[in-house]
Amino acid sequence: MSEIDLIVYGILLTFTLIGTTEFVIGLLLIREYDKLQEDRDKRTKHNEQK
């Protein structure tokens, strides 16, 4: 019975770590995308003022 418990806990831990890693990577990608959008908006406004 304890072997099955260890396997189940291992699988749950693996899924949790994968999910957390994907979440963090997603947050980083969103932050980078927002920075790119801000830079693009600044350039567009700067070009419109000329």
Side-chain angles (χ1 to χ4, degrees):
M1 188 67 185
S2 63
E3 292 176 7
I4 294 174
D5 288 342
L6 286 177
I7 291 171
V8 170
Y9 288 139
I11 291 171
L12 288 175
L13 183 63
T14 303
F15 277 123
T16 304
L17 289 175
I18 290 172
T20 305
T21 305
E22 285 184 11
F23 180 71
V24 170
I25 290 173
L27 285 179
L28 291 174
L29 287 176
I30 288 171
R31 284 179 52 193
E32 289 299 316
Y33 182 74
D34 285 345
K35 286 180 189 175
L36 288 174
Q37 286 295 101
E38 286 178 10
D39 290 345
R40 195 172 295 139
D41 290 345
K42 285 179 186 174
R43 259 188 265 129
T44 304
K45 288 179 182 175
H46 184 70
N47 288 340
E48 287 175 356
Q49 290 175 353
K50 286 185 177 178

List, by chain and then residue number, the residues other than [X] in its hydrophobic cluster (Ile/Leu/Val/Met/Phe/Trp/Tyr, side-chain heavy atoms under 4.5 Å); write none if there are no others.
{"X": "Ile25", "result": "Leu29"}
{"X": "Ile18", "result": "none"}
{"X": "Phe15", "result": "Ile7, Ile11"}

With sequence neighbours excluded, residues passing salt bridge (charged side-chain N to carboxylate O under 4.0 Å, His left out) with Glu22: none
Partner residues of Lys42 under the salt bridge (charged side-chain N to carboxylate O under 4.0 Å, His left out) criterion, sequence neighbours left out: none
Hydrophobic cluster identity match, Leu17 and Tyr9, side-chain contacts under 4.5 Å: no
Where at least one partner belongs to residues 28-40, residue pairs that pass side-chain hydrogen bond (donor to acceptor under 3.5 Å, both in side chains), sequence neighbours excluded: Gln37-Arg40
